[in-house]
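The structure appears below as structure tokens.
The sequence lines fix the lettering, A, B, ..., with proteins before strands; numbering per chain opens at 1.
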Amino acid sequence: MSNDEFPTDRPAVVTCGLPYANGDLHIGHLRGYIGADAFNRTLETLGQTSAYVCGSDMHGTPVAVNAEKEGVDPEDFALEWHHQYEETFPKFNVDFDNYGHTHDETNVETTQEIVRTLDDEGYIYEKEIQVAYDPDADQYLPDRYVEGTCPYCGEKARGDECDEGCQRHLEPGEVEDPTSTITGNPAEYRERTHKFFEVSEFADYLTEFLDGLEGTSNARNQPRQWIEDGLQDWCITRDMDWGIDYPNGNDEGGDDLVLYVWVDAPIEYISSTKQYTDRVGADEYDWEHVWREDGDIVHFIGRDIIQHHAIFWPAMLEGADYNAPRGIAATGFITINGKGLSTSRNRAIWAKEYLEEGFHPDLLRYYLMTTGGLQQDVDFSWEAFQEKVNGELVGTVGNFWYRSLLFAYRNYEGTPETEVSEDVHARIEGAIDDLRDAANDYSLRGVGQAATELAQFGNEYIQRNEPWKLTDDDPEQAAQVIRDCVQIAKAVGVLLEPIAPDKAQLLWEQLGEDGAVADTNLEAALETPPRHFEEPGELFDKIEDERVDDLTAKLEARVDEASDDGDEDETESDDTGADEATDMADTDDLEPLLEDRIGFDEFQDLDIRVGQIEAADGIEGADDLARLEVDIGFETRQVVAGIKQLHDLEELPGEKCILLANMEPAELFGVESNGMILAAGDDADLLTTHGDAEIGEKVQ
RNA sequence: AGCGGGAUGGGAUAGCCAGGAGAUUCCGGCGGGCUCAUAACCCGCAGAUCGGUAGUUCAAAUCUACCUCCCGCUACCA
């Protein structure tokens, strides 16, 4: 694999992480799919042959578990999502050359062939491991099919990790007191023979591979740690029905060994490329050339699955004698209004929702691609979205397109008959170079900027030359300026196509061009537009402030609502605490525990301080209330607390207490209260510290 | 705990890999221009010494070390 600059004369394949057939798509997903799509389009615009392939990830425990919950076949369950994805992508102009799924025949065959090769080459061995087994259901229980107690912290844990306690990853066999999540039966551990892939054999290869890997730096750097720590071999089989059968010649054991989902998932990249070749013919695009001879393989993934793509995957490819990826672009996450996207809390912008709001997909594409670097986390807010759209797409690009074409139409009924000036020609060539550089840096932001900056230049250019003043005084010069502007407008269209394909196509049509701008390459940017074209229209609409307010309010309301609903959902899994609670006896008098967990951030919102009571006296007319003066280091606060009848007020001064300092002020019986003293229960047992905590220290 | 990524004018971002004149662009603020254009566009001004400390260097936002604070990853979850 060499690192010639894009475009190379090799075929390229661009992929994105497979969507897992288990839930709705949101803009977090979309960022990756749009990114890969835009990158693929950029390569094509640069003149490189490239295919964009992907497919749905159908296997794995979550699909099996959720299908079972709904009482449907896992295949039907996953296919339903698959079809939904298939319909959704085109709506965002995510244009796959092939979109398959991991359960289709091609992928089953390809996967089994690759695994067989790895086996033949001696990279796979068998090992006995402990697997949970449900004797009543006569079924093995991989991963999340089993729950039990974490051996490290004693919390309730899933089979694969201590999800509620110490967060530790758990090996099969580690969970204590295992029970089946299917039947609730106690499970037992049995010895099972599983297949292991000798990843450890590839340490040197992978080190070298990472040295040459392009894309984002996190994809290159993060896996190094694993290699340095020593790679462990990888268990690639599971005891379940749903998945691709391990390709045994002799079917030893005879039961349900299927391949681990992470084996067949990336192989779908290959399978999907194969299907593309099957459809268009090897003359047009040859999958073998890319995957087995020399091609530019570029993966777009989320940064949470770097390990799978930068360790396991290249090891598999190397072991089975396939080409290694040239680049891995690991994108950051999307946050919503500064907070982490959370599907369970409904803090997300769903793909469907975005479309239902009637926004054009290219607007979101532009926003997601140009707001931050690929590797960076990008925040989404409707406000920022509006700013981006109105400022850059409407104000800069759309405005330049419209004013240029309209002027040209009114005065010349199209493109004036002169040559483009040298300066403008050179400026367009500069933008083309920018695009090429951006592609080689895997910078889609740069791709978008190459176009918008050219449009900005166009606005400067037309402003500086004021053709509206020249039409009478110096018609030749006016024609020259507009000729230049029309060319710039066309070039902006060509350059913007990877990011905003629909809008670029509309411009193309307004210019009276034939065919699809997507099928053109960079040379088109400098080719003369048609002599005549019709009156242009505006290509981007402004988003009004009221609209943004509505959308923001809608989102907030939904998040609030979901937090309530979420409680119910979480009750099921959070029930965990119930077992322990019953052990603790006489809980009847206690307030039930809140099921709703809060994040650390929310806790951080509470400014709790150590204070010292300096004065305490009762409030006239109130039964329980007392007025306290509490020293919290910085200042002395007056607070009102309901402890009058329950404490001897005279003894309080000098006592340390715990004060919620950022409680909003309140007035009780005419006395202002600036904080809240923490106390336990109806007896108002005052909380204090048991060490040397200083006055004013934060409780955390 | 280890590792990865980040910390740049009021907000948001670029630059850092390939160190060089006190730093990009967008939004916002202030002043001006233009009127072909979706109150749009163009020009100018104010504003950050680039998380902290210590180094390397003639020269550091850019390299090195340590530290602080965010986000994430840690393999049989997808």
**Prompt:** Contact class for A/Gly230 (heavy atom, under 4.0 Å): base, sugar-phosphate, or nothing?
**Reply:** base
**Asked** Taking atom P in both B/G28 and B/U68, what distance in whole Å separates the two?
**Response** 39 Å
**Message:** Can you tell me which nucleotide in B/A75, B/C71, B/C34 comes closest to the side chain of A/Gln463?
**Reply:** B/C34
**Asked** What nucleic acid atoms does A/Glu453 come within less than 4.0 Å of, heavy atoms only: base, sugar-phosphate, or nothing?
**Response** nothing
**Asked** Is A/Trp468 stacked on the base of B/C36, with ring centres under 5.5 Å apart and planes under 30° apart?
**Response** yes
**Prompt:** Separation of A/Gln375 atom CD from B/C16 atom P, in whole Å?
**Reply:** 13 Å
**Request:** Scan side-chain atoms only and decide if A/Glu392 and A/Tyr366 contain a donor-acceptor pair under the 3.5 Å cut-off.
**Result:** yes
**Fill in**
Any stem touching RNA chain B, meaning at least three consecutive Watson-Crick or G-U pairs under 3.5 Å, ordered by first number, would be B:1-7 with B:68-74, B:10-12 with B:25-27, B:29-33 with B:41-45, B:51-55 with B:63-67
**Request:** Give one of base, sugar-phosphate or nothing for A/Gly373, where a contact means two heavy atoms less than 4.0 Å apart.
**Result:** sugar-phosphate
**Request:** Remember a base hit wins even if backbone is also touched, and classify A/Asp304 as base, sugar-phosphate or nothing at under 4.0 Å, heavy atoms.
**Result:** base
**Asked** Starting at the 5' end of RNA chain B, which residue's closest nucleotide do you reach first, A/Arg220 or A/Arg303?
**Response** A/Arg220
**Item:** Between B/A65 and B/A18 - P atom distance, rounded Å
**Value:** 15 Å
**Message:** Categorize A/Gln307 for me: base, sugar-phosphate, or nothing, with a 4.0 angstrom heavy-atom threshold over every strand shown.
**Reply:** sugar-phosphate
**Message:** Closer than 4.0 angstrom, basic N to acidic O: yes or no for A/Arg303 and A/Asp377?
**Reply:** yes
**Prompt:** Within this structure, what is the CZ-to-P distance between A/Phe457 and B/U25, rounded to whole angstrom?
**Reply:** 16 Å
**Fill in**
Whole-Å distance, A/Glu538 CD to B/C41 P, equals 13 Å
**Asked** Looking across every strand, which nucleic acid part, if any, lies under 4.0 Å from A/Leu259 by heavy atom: base, sugar-phosphate, or nothing?
**Response** nothing
**Request:** Rounded to the nearest angstrom, tell me the gap between atom CZ in A/Arg238 and atom P in B/A75.
**Result:** 12 Å
**Message:** Under 4.0 Å, heavy atoms only, any strand: does A/His308 hit a base, just the sugar-phosphate, or nothing?
**Reply:** base
**Request:** Take atom C1' in B/U62 and the same atom in B/G20, then report the distance between them in whole Å.
**Result:** 11 Å
**Message:** Just the rounded figure in Å: distance from P of B/A14 to CG of A/Leu444.
**Reply:** 13 Å
**Short side-chain donor-acceptor distance under 3.5 Å, A/Asp57 and A/His101** = no
**Request:** Output yes when a side-chain donor or acceptor of A/Asp233 lies under 3.5 Å from a complementary backbone atom of A/Phe196, and no otherwise.
**Result:** no
**Request:** Please work out if A/Lys469 contacts a base, only the sugar-phosphate, or nothing of the nucleic acid, heavy-atom cut-off 4.0 Å.
**Result:** sugar-phosphate
**Asked** If you pin A/Ser404 and A/Thr370 to their nearest nucleotides in RNA chain B, which one's is more 5'?
**Response** A/Thr370
**Asked** Do any side-chain nitrogens or oxygens of A/Asn411 fall under 4.0 Å of OP1 or OP2 in B/C36?
**Response** no
**Message:** Rounded to whole Å, how long is the line connecting atom CD of A/Glu392 with atom P of B/G28?
**Reply:** 12 Å
**Message:** What contact category does A/Gln376 fall into here, base, sugar-phosphate, or nothing, at under 4.0 angstrom with non-hydrogen atoms?
**Reply:** sugar-phosphate
**Asked** Is the backbone N or O of A/Ile306 less than 3.5 Å from a side-chain atom of A/His309, with the two atoms forming a donor-acceptor pair by type?
**Response** no
**Message:** Just the rounded figure in Å: distance from P of B/U38 to NZ of A/Lys542.
**Reply:** 11 Å
**Item:** Distance-only polar pair, side chains of A/Gln84 and A/Asp24, donor-acceptor under 3.5 Å
**Value:** yes
**Item:** Lys/Arg-Asp/Glu bridge criterion (N-O < 4.0 Å) met for A/Asp541, A/Arg547
**Value:** no
**Request:** Indicate whether any N or O donor in one side chain lies under 3.5 Å from an N or O acceptor in the other, for A/Gln480 and A/Asn465.
**Result:** no
**Complete:** Taking B/C34, B/C71, B/U38 as options, the one with an atom nearest any side-chain atom of A/Tyr402 is B/U38
**Message:** By nearest atom, which of the nucleotides B/C41, B/U38, B/A75 is closest to the A/Asn399 side chain?
**Reply:** B/C41
**Request:** Just call it for A/Arg224: base, sugar-phosphate, or nothing, with non-hydrogen atoms closer than 4.0 Å on any strand.
**Result:** nothing
**Message:** Nearest to the side chain of A/Val394, heavy atoms from C-beta on, is which of B/U38, B/G4, B/C27?
**Reply:** B/U38
**Proximity to the side chain of A/Asp377 - top-ranked nucleotide from B/G5, B/C71, B/U38** = B/C71
**Request:** Looking at every strand, decide which applies to A/Thr216 at a 4.0 Å heavy-atom threshold: base, sugar-phosphate, or nothing.
**Result:** nothing
**Asked** A/Ile311 near the nucleic acid: base, sugar-phosphate alone, or nothing, with a heavy-atom cut-off under 4.0 Å?
**Response** nothing
**Request:** Would you indicate what A/Phe540 reaches in the nucleic acid, counting non-hydrogen atoms under 4.0 angstrom: base, sugar-phosphate, or nothing?
**Result:** base
**Request:** Send over the distance from A/Ile227 CD1 to B/G4 C1', rounded to a whole Å.
**Result:** 14 Å
**Check: A/Arg31 side chain, A/Arg365 main-chain N or O, donor-acceptor pair, under 3.5 Å** = no
**Proximal nucleotide (of B/C27, B/U38, B/C41) relative to the A/Arg403 side chain** = B/C41
**Message:** Suppose we screen for side-chain contact (heavy atoms from CB on, under 4.5 Å). Which residues come up paired with A/Asn399, at least two apart in sequence or across chains?
**Reply:** A/Arg403, A/Asn459
**Prompt:** Quick one: is A/Gln456 getting a side-chain N or O under 4.0 Å of the B/U25 phosphate, OP1 or OP2?
**Reply:** no
